[in-house]
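Before any comments, here is the structure.
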Protein chains: 2
Amino acid sequence: MSTSWTAFGGDLHLDLTERRAAGAGLRAALEDALREAVQDGRLAPGTRLPSSRALGEDLGIARNTVVEAYGQLTAEGWLSSRQGSGTTVARRTVPSPAVRPSRPPTRRRSARHDLMSGRPDLSLFPRTAWLAAARRALATAPHEVLDYGSPLGRIELRQALTHYLARVRGVRTDPDHLLVCTGVTQGLGLVCAALRDRGARALAVEEYGLPPQHATVRAAGLTTVPVPLDADGARVDLLDARAGAVLLTPAHQYPTGAALSAERRAEAVRWAREQDRYVIEDDYDGEFRYDRQPLGAMQALDPERVVYAGTSAKSLAPGLRLAWLALPDALVEPVARLKSLADTMSPVLDQLTLAELITSGTYDRHVRRCRLHYRRRRDQLVAALAEHAPHVRVTGIAAGLHAVLQLPPGSAPEPELLARAERAGLALGGLGLHRATGPAPADAPPALVIGYATPPDHAFPAAVQALCALLRGT
Amino acid sequence: MSTSWTAFGGDLHLDLTERRAAGAGLRAALEDALREAVQDGRLAPGTRLPSSRALGEDLGIARNTVVEAYGQLTAEGWLSSRQGSGTTVARRTVPSPAVRPSRPPTRRRSARHDLMSGRPDLSLFPRTAWLAAARRALATAPHEVLDYGSPLGRIELRQALTHYLARVRGVRTDPDHLLVCTGVTQGLGLVCAALRDRGARALAVEEYGLPPQHATVRAAGLTTVPVPLDADGARVDLLDARAGAVLLTPAHQYPTGAALSAERRAEAVRWAREQDRYVIEDDYDGEFRYDRQPLGAMQALDPERVVYAGTSAKSLAPGLRLAWLALPDALVEPVARLKSLADTMSPVLDQLTLAELITSGTYDRHVRRCRLHYRRRRDQLVAALAEHAPHVRVTGIAAGLHAVLQLPPGSAPEPELLARAERAGLALGGLGLHRATGPAPADAPPALVIGYATPPDHAFPAAVQALCALLRGT
């Protein structure tokens, strides 16, 4: 004998059968079940209980049994009863024991000055425009958009991205070769798994990069082999023979900041063609270039050999988990099948919203606004360093959301610098932490990775000041 | 020499360097680049180009060169120029060749009457309430919600779910043991991968179930071994010794419709405890029970041995891809690590919106409304069958969004029935297609799986009528 109540503004599952089976009387079983529901938080303080008549009917027991149980629990202080307002759960001051305090979040933001790279200024997220676009998208969408659908993602977004990526990044693709994924991490994992299924054993990765990305590659069953870097980007002439593909950041090497030269691009594509291999182009911040020489996406050199990966993580927010792959024809089926096995398809509402943002032109305006914003940030950082820490060299091209600061030989070693930064309330990264092959040698000259986009506007000047103060002492 | 224009309402990447390198003159290179951008759709018809002065400045070339290039392209019909309104891309009637027509969607809805199971009535999705909740959630959320965060998912949703699941389904968990995933498919894959990492080799699955789910289990590295079913649900007394865990649908076996008896539940938990194994409880439609004897979630019997999986796919929409796992303590770390490797974390905006829907009580009201709706649908289906096809037996408990229709021995075989249905414009499933072990034996009595929730209200009576007409002839 049990019931789910829906009479008091919410559902409650209540089961007397077990208690009855254990020998409890009807009234005792009901009292016990209610007591437990209050105790463990399922019935929150102030909740209004169903009338004794309604509950009696629901449970198929005499109304009077319910009246007696309510009376007993009111006497015990679990419930309170007032003429005219029915029976409610008594208000207590102790929190529900069912909910233990939460563990601390994975990334704690205790630093006073946050210059960790990899994140945009989240205060720029266009909340109002996003909500307006969501409203417009949902107002016109047929019901079937809410259904299961293609593992490639919503056609509306793939169409919008086809035009957008062609226009802004020179990407040559179409909606049938685009796959929407929940972040580049997922996309990379899917592509690596597809390559593994084709017989690949290793992925070449840039000597400096994102160690968590490398972990995803290895979880997909490939080993990672490093490619050296220089001022022109990855030394693709030195690609490991074992590599079935190479992961590159051609527009703006992460984190060293080099742009892959036109010669290197051509060479990597030639390698892929001749060896039947692939290039994965992680275009994580390709929309943010502040000088006059943007190169389009490398994918345009050969859409059948280059997998293009783009994301909204830097242009909008990492929390959206909304990214896309432009795939060679031969990889569409295997990657779509793996996506389907992994999570059927990506969530649709954000896809429809982003499609609407792009086709309405709002996304372009937003990106342009961010570009001006970050460019100003970078100029301010560079100017402050030139004035207060002239011994520090800012390397890499004028692009993206981060800069690398090279300290002269003889400076304190990187781990010590990072420790000093932490003591000064400064969150920032060291180049050594980005090495694909583990910690840098002890005699490597220290370098810091500064995410100048991370703080909101009001906090940026103080963060730069704190950084300059730290560097003055090096 | 290249530029990205932002002067005409959008970005355009344009690169002259390569053309210049190939020996083209300045004006020819510019003409060629513009021609190609129009031709491949990057510059859409009607797009307004920057003024010759602005573009000249951007490219660092003489204004007159731009004027001449514009003039040539206007003469060729690529651009059009009118006094006072500047230069625009000419309007053409042919579609851009860059976008090939899209492939047909994976699930085509060509049937006139859609009674495929597994989907809710999508016209019930509370669009207005959803948008209002999204607005409220974004209005108060701090910027950091948009950042990378815990692989478990947003704390707001985990807190709301802790209370909700306890109240409605008797689930015993807390925010530290809940993980938000993009659908039960993803959650199941992650749990299977975690069990595989602990040494499991096989997962027991119900004899009838969801073959795509079984494919996900196998992709995660486990083999699937079937458990027989009877009217009390899975025969957990017959669990295969190789199984490291068993996947069950205790509230409402999918698709046969049995409820797992209390004895079987206790037995499965005992097995898991004694053998150090796990139960995975797929509570896909646990909120939809129309009779008076709901059992709570089986997870409450032993939260350290039962993984609870819940979803919004039936209560809201499959397209949301929003589901959750309540995990035993020992599995939190490994599953969260795998989630992090797979896609960092689930998208945040829908999580915040659902949390707001739940805590405001809107979700409860919506679920109740759906429950009444589907209950009425089921009653109508059962009544129509009793009248027009009394030889057909509706099996399974009064719950969920689908029913199984058993046809008497001697009826046409299932594949023939399905072919007839297709000819009659009826989309529905056969029980045999849900077998974990491949096609049913030829002499198995045919049974149809009817998703009575799928059509919108206006289409339901005609769909039931078409179904009755089909069954009259069996």
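Any value given below was found using the heavy atoms of this structure, including those in side chains, with hydrogens, waters and symmetry copies removed. Chain A is the first sequence line, chain B the second, and so forth, proteins listed ahead of strands; every chain is numbered from 1.
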Seminar exercise, completed: The reported gap from CD in B/Q186 to CD in A/Q186 (rounded to nearest 0.5 angstrom) is 7.0 Å

Exercise. Of the listed residues (B/G319, B/A342, B/A215), which shares the most heavy-atom pairs with chain A below a 4.5 Å separation?
Worked result: B/G319

Exercise. For the atom pair CG (A/D350) and CG (B/D350), what is the distance rounded to the nearest 0.5 Å?
Worked result: 5.0 Å

Exercise. Say you draw a straight line from CG of B/L349 to CH2 of A/W130; how long is it, rounded to the nearest 0.5 Å?
Worked result: 6.5 Å

Exercise. With a 4.5 angstrom heavy-atom cut-off, which part of B/P142 approaches chain A: side chain, backbone, both or neither?
Worked result: backbone

Exercise. Checking B/S346 against chain A: side chain, backbone, both or neither under 4.5 Å from a heavy atom?
Worked result: backbone

Problem set entry | Winner by heavy-atom pair count (cut-off under 4.5 Å) against chain A, out of B/L190, B/T216, B/L146 | B/L146

For this session: Identify which of A/T185, A/V348, A/D343 forms the greatest number of heavy-atom pairs closer than 4.5 Å to chain B.
Result: A/D343

Exercise. In terms of heavy-atom pairs under 4.5 Å with chain A, which of B/P347, B/G187, B/A220, B/P212 leads?
Worked result: B/P347

Problem set entry | pair B/H143-A/F125: side-chain heavy atoms closer than 4.5 Å | no

Exercise. Between B/A141 and chain A, which part of the residue has a heavy atom less than 4.5 Å away: side chain, backbone, both or neither?
Worked result: both

Seminar exercise, completed: Ranked by heavy-atom pairs below 4.5 Å to chain A, first place among B/G170, B/A139, B/P318 goes to B/P318

Seminar exercise, completed: Between A/A313 and B/Y148 the two heavy atoms that sit nearest each other are CB-OH, 4.2 Å

Problem set entry | Nearest atoms (heavy-atom pairs only) where A/R119 meets B/D147 | CD-OD1, 2.7 Å

Problem set entry | From A/T47 atom OG1 to B/R167 atom CZ, the distance as rounded to the nearest 0.5 Å | 8.0 Å

